[in-house]
Amino acid sequence: MRSMKKWAAGLAPLLLLTGPQVQAAWQGVGAAMQAKRAGEEVSFVTAGGARVVVSFVTPDVVRVRMSADGKLGRDFSYARVDNAPAPTKIEFDDNAERTELRATTGGTRVVVQKRPALTITVYDAQGRVVVADDPARPMAFDAATGAIEASKQRDAYELYYGFGEQGLPTISREGQFLVNWNTDSYKYPVGTNPLYQTIPFFIALRDGRAYGLFFDNTYRSHFDMGKSDPRRYAFGADGGELNYYVLTGGAERTPANVLRDYTALTGRTALPPLWALGYQQSRYSYMSRAKVEEIARTFREKKIPADVIHLDIDYMDGYRVFTWNPQTFPEPKQMLSALHHDGFHVVTIVDPGVKFDENYAVYRSGRDSGIYVRDATGKELHAKVWPGICAFPDFTDAKARAWWGELYKKPLSEGVDGFWNDMDEPAVFSADDFREPALAQGPQKTFALDVQHAGDGDPGTHARYHNVFGMQMVRATFEGLRKLAPERRPFAITRAGYAGVQRYSAVWSGDNDASWDHLALTIPLLTNLSISGVSFVGADVGGFAATTTPELYTRWMQAAALTPFYRTHSAVDTDQREPWTYGGEYERSNRAAIELRYRLLPYLYTLFAQNEESGLPPLRPLAFDYPQDVDALLVADEYLVGRDLLVAPVVVQNQRARNVYFPKGEVWIDWWSGVRYEGGKTVKIEAPLERLPLFVRAGASVPTQPVIQHSGEMKNAPLTIAVAVGATGASEIYQDAGDGYAYRKGASRTIKISARADKVSLEIPKSAAYQRVVAVELLGLDAAPATIAIDGKTVRDAVFDAAGKRLHIPLPNENVKEISFVR
Ligand code: GLC
C-alpha cells in the first residue's frame, strides 16, 4: 500500500491519476494562509485545505491537530482521562512568516513557520529544539484514502523507547517500521509486528535529554523511525485526524517527566489488590475441579508459594461465557470457597464472543438489549470463535459496556476474584487451520473493516474502532466490577488494548513461545510496554505455545520473578507445567525464584503505590533511569525494578555466568554475596542454575519479609529493611490493607528511611495495623562494624553473615530513630 503512494510535499493539491486506476497520493498541507487565535488555541488554514490547531495541554505538553478536509471532528479520545481539560494559557505573536505560541509559564515555545509549507518546531525552556517538522516533508494527507502522516527531523543518534508491545529484540526502536493493529499473533516469531496492543506513544532520547510523542489515533497506524530515511521519522494512520502530543519532559527533560505527563494524560494503574502481585498458576486448561484442587494442594504440600489459579476456557459449558461446565466444574461456589480457605484467589477467562444460541440466556439478553456489533448491512455480526458461531458486544457503546459489566454479578457472587479478557483484538477464526502463524496474522483474523460500531456517540467502522475494542471490553469489565463490588479493587487482565488501557487492566504478552529467544524477548518487550504507561505487565512463564524444557522453565521463572504480572501459562497441547514438574534441582530453583518474589513483595507493593501517584512504573529499561549513560541505553538483557533493584537474568541456554552492565554514577551491591560493583563497568557474574543475578543500588532501602505461602499471610509477617550501605539515599515503604479503597482516605502508612555512610535514620509512623518492622539489615559490609548503636545505645545482638556481607540488626520496637555504626 505505502509503496504506491507518491509524495507531493508542500505543493498545491495534486492528485496523481494513472490510467483507469486512482493512485493514492500524498498531498502536503501547504503554506499557512491564516492564523487565528480562538481562546487558548491557534488555528491555521492551509493552502492544501487542511486545518491545523496548536495548543498546550500543560506548559510541558503541546498538542497538534490536523484535519485534512479543514473540518475538525469531535474532540474525543478513548485514551485521555479528561476529554474536556482547561487548556493552558498562551501568549501569541503572529506575523506573515511565523507564529509563535508560548505557555505563560514553563518556557516551552512552539514556532509555526508559515511557508513554503506549514512546519512546527517545539523548543524547550532553554531554547533547545525538542522536535521539529521536516521541511522536506511537512504534514500530509491522502484525500483519496483518508491517510495522514507527519514527519520529524531526526538526529542520527536519537533513540526511541516505548511504542507499547512490540516483538522486537532490541530495546530502542530506531530504524524500525512499526504498525499498530491489534493482532492475534499465536506463537509470534521474534521480530513480529504488530502484536496485540496499540500504544502509539514513545520516549525519544538525544544527548541524554528526553521528549515524548503520543499519536492519539485509533485507526491502523504506523511509525517509521528512520527506517525509510535515517534523517527523519514519520508517523501516520489510515484515517482520522493527525492528532498528537509532544511532551517536552519539562525543565529536566527526563524520561520520568515524560512518562509522568503521559500518564497524567492517559491515566495510571491504580494500586492492585495485593494478591494479584503474588505468583499465579495457569494452564489451558485445568480440565476439572479435581485437577484444580490437586494443583492447589500440591503448592501447599510442596511449600511453593502461590496466590492465584487461572481457569482457562474449559471451565465453561461449551465455551459459553459466564457459565460453568456442570460435569467437570460442579458446585463452583464450594470449590471457590475451599480454595479461598487455602489462601488462593481464582481468575476466570472471559472472551468477547457470546455463543449464538437461542437457548443461552446471555446471548438472548444481549440480543434483546440490542448491544451486538452489526455488519455493514445492519445484520448482527456472526463469526466463529471457541464456542462456534458467536455474536459480539459492541464495547464502543456505553449501553453494551453496562450490560457486560452486569454479567459479572454471577461469577462474583460465586466467589471468582478476577477476570481475564482474551481474544479481544478482536480475534476470530478465519479457517479451520487457525493455528498456522501465516493465517493467524492475516487480516481475516478479525472483523471486516466495514463492520459498524457505536463509537460512543460517533458511529464508525471497524477500521476506525478496531484498536480500541479490547480496551473498551476490559473497561466494561473493570467498571462493572467497580460497581458490583465497590469495596474491592478489581483485577482484570487483557491481551488487547489501546493507550490508556492501564486504567482498567493488567496486560500479558499473549501467545509467546517456549524458546530461549522468547525468554530474551520478554525484557525489551515488557520494559518498553511498561514505560508506555502499561505498568502491570508480564509474559507467560515458560512460553505458551510449546512444551518447555526444565532449564528454560527455571530460567524463565527467575527472569520473571520480579516482573509485575508473574504467571506460568501453557497451551493445551503442551506437557504439564507446574513449578514442580521437573523435580530435583529444577523444582528447588523454581521454588527459590518464587520465594524471592515473596520476600520482595513489600517492595513491589510500594512500587505500585508510587506508580499510582507518579506514573513511574515498577519495571523499567536501564535507559529510563540512566538516560545520560550511553553504555546503558541499548542494554536489552537487564531490567530495573523501581530505581533500586537491577536484575540480570540468564536468558541463554547452558549459561552459568553472564556479563552484567552496572549503570554509571552508582555503586551496586550483589543481593546474594554483598560484593560491591562500581557503576559504568561490565562484570562477569556467576549465575548457577538456582540463582537470579540481582543487585541493589547503594543508598537504597528495600523492605523484605520472610518467605510466606501466599499474600494472605503477609500481614503477620515481620518486615526487615535491607539497607544497601555505601551511599546516601532516601527511600519509602508503603503499607495498607492490601485491598479496598480506605487507603485513598488515608488508611495507609509510609515509612521513611534515609541512609548515610555511617547512619540509617528511620521514621516509622505509629500504627498497629500494618506489618511490623522488626529489623534492619545492612548490605555490602566487608566486615562487622566495630560498634553499632540504636539511638545512642550500643547493640549487642546484631548478627554478621560474612558470606553474604550482611549485618542483621534486630530492632527493639518501631520507635527507633537512628542506627549508627562505625565501619
Ligand atoms: C488464547 C490465549 C491463551 C489461552 C487460549 C485459550 O490463545 O492467548 O492464553 O490459553 O486462548 O483460551
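Note that these values count all heavy atoms, side chains included, but never hydrogens, waters or copies made by symmetry. In listed order, ligands and their atoms are each counted from 1.
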* Under 4.0 Å between a Lys/Arg side-chain N and an Asp/Glu carboxylate O for Asp357 and Arg320? -> yes

* Asked: Do the two ring centres, one from His310 and one from Trp508, sit under 6.0 Å apart?
  -> no

* Does ligand 1 have an atom under 4.0 Å from some heavy atom of Tyr196? -> no

* Asked: Using a heavy-atom cut-off of under 4.0 Å, does the side chain or the backbone of Tyr319 touch ligand 1, or both, or neither?
  -> neither

* To do: Tell me whether the centres of the aromatic rings in Tyr363 and Tyr372 are closer together than 6.0 Å.
  => yes

* **Polar proximity ligand 1 side, His569 side, N/O cut 3.5 Å exclusive** => yes

* With ring centroids as reference points, do Phe299 and Trp580 lie under 6.0 angstrom apart? -> yes

* Got an N/O contact under 3.5 Å between Trp508 and ligand 1? -> no

* Asked: Are any of the N or O atoms of Tyr284 closer than 3.5 Å to those of ligand 1?
  -> no

* **Positive for side-chain contact (heavy atoms from CB on, under 4.5 Å) with Arg401, one of Asp456, Asp394, Ile371** => Asp456

* Asked: Is a side-chain donor-acceptor pair under 3.5 Å present for Thr198 with Arg220?
  -> no

* Checking side-chain contact (heavy atoms from CB on, under 4.5 Å) against Trp324, which of Glu331, Arg289, Lys410, Met316 comes through? -> Lys410

* To do: For Ile313, take its heavy atoms, then give the atoms of ligand 1 lying under 4.0 Å from any of them.
  => 6 (C), 12 (O)

* Mind checking whether Tyr186 has a heavy atom under 4.0 Å from ligand 1? -> no

* To do: Please find out if less than 6.0 Å separates the ring center of Phe447 from that of Tyr465.
  => no

* Asked: Nearest heavy atom to atom 1 (C) of ligand 1: which of Asp422, Val572, Val385, Ile349 does it belong to?
  -> Asp422

* Proximal ligand 1 atoms for Trp386, defined as those under 4.0 Å from one of its heavy atoms -> 6 (C), 11 (O)

* Structure fact -> For Trp420, the ligand 1 atoms with a heavy-atom partner under 4.0 Å come out as 9 (O)

* **Polar contact flag for Arg495 and ligand 1 (N/O pairs, less than 3.5 Å)** => yes

